[in-house]
Amino acid sequence: QLTLVESGGGLVQPGGTLRLSCTASGFPLDEYGIGWFRQAPGMEREGVSCISRSGDAINYVESVEGRFTSSRDNAKNTIYLQVNSLKPEDTGVYYCAARLLGCTGTAKFWHYWGQGTQVTVSS
């Protein structure tokens, strides 16, 4: 059974830092592209970042450029999203997703999803 489990979310003050993790089981993560999405209350799920099978990272949201960085540790079958300089508008549930094909920021094209981890940025 293929599963993804996110962790690392929490409550942080503006300007704070988190490292989100996405650990896969049931399949080798290095054969899949891994995307990060977030969903704020009442909003659609939006693509934030993606890291391809080759390790190339793409950010889909202009506001996270220079603040969010994806990386992968194939030995641990884990993808990380380092989130720095957090802003209140970064608040939401963060999900990781996997797909065999290349990266895309459109949620409906992703095949496997984790349960999400809550990130709340507030003073």
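None of these values were measured; they are calculated from a predicted model.
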Below 6.0 angstrom between ring centroids: does that apply to Phe68 and Trp36?
no
For the backbone of Cys96 and the side chain of Tyr112, can you confirm whether one donor and one acceptor N or O come within less than 3.5 Å of each other?
no
Candidate list Leu11, Thr91, Leu18, test side-chain contact (heavy atoms from CB on, under 4.5 Å), partner Val119, passing option
Leu18
Residue pair Thr120 / Ser122, side-chain donor-acceptor N/O under 3.5 Å:
no
Any donor-acceptor pair under 3.5 Å linking the side chain of Glu6 with the backbone of Gln115?
yes
Tell me if a side-chain donor or acceptor on Asp90 pairs with a main-chain N or O of Pro14 at a distance below 3.5 Å.
no
What one should report as the nearest heavy-atom pair of Ser70 and Ser49 is OG-OG, 2.6 Å
Going through the distances and angles, do Tyr95 and Gln39 end up as a side-chain contact (heavy atoms from CB on, under 4.5 Å)?
CA-CA 8 Å; Tyr95 300 89; Gln39 189 165 21; 4.1 Å; yes
Results of side-chain contact (heavy atoms from CB on, under 4.5 Å) for Ser71 - residues two or more places apart only
Tyr80
How would you list all residue pairs meeting salt bridge (charged side-chain N to carboxylate O under 4.0 Å, His left out) that involve residues 17-31, not counting sequence neighbours?
none
Any donor-acceptor N/O pair, Arg45 side chain to Phe37 backbone, under 3.5 Å
no
Write down the atom of Arg67, the atom of Leu86, and the distance for their closest heavy-atom approach.
NH1-CA, 3.8 Å
Could you walk me through whether Leu20 and Arg38 satisfy the side-chain contact (heavy atoms from CB on, under 4.5 Å) test, starting with their C-alpha distance in whole Å, then the side-chain angles of each, then the deciding distance to 0.1 Å, before giving a yes or no?
CA-CA 12 Å; Leu20 307 183; Arg38 66 186 180 188; over 6 Å; no
Would you kindly confirm whether Ile51 and Val83 end up in one hydrophobic cluster when ILVMFWY residues are joined by side chain heavy atoms under 4.5 Å apart?
yes
Once side-chain hydrogen bond (donor to acceptor under 3.5 Å, both in side chains) is applied, do any residues pair with Thr69, and if so which ones, sequence neighbours excluded?
none
State whether the side chain of Thr104 and the backbone N or O of Thr106 hold a donor-acceptor pair below 3.5 Å, judged by distance alone.
yes
Between Leu101 and Leu29, is there shared hydrophobic-cluster membership here, with clusters defined by ILVMFWY side-chain heavy atoms closer than 4.5 Å?
no
Residue that, paired with Ser25, satisfies side-chain contact (heavy atoms from CB on, under 4.5 Å) out of Val5, Leu2, Thr3
Thr3
Within the side chain of Asp73, is there an N or O that forms a donor-acceptor pair under 3.5 Å with the backbone of Thr78?
no
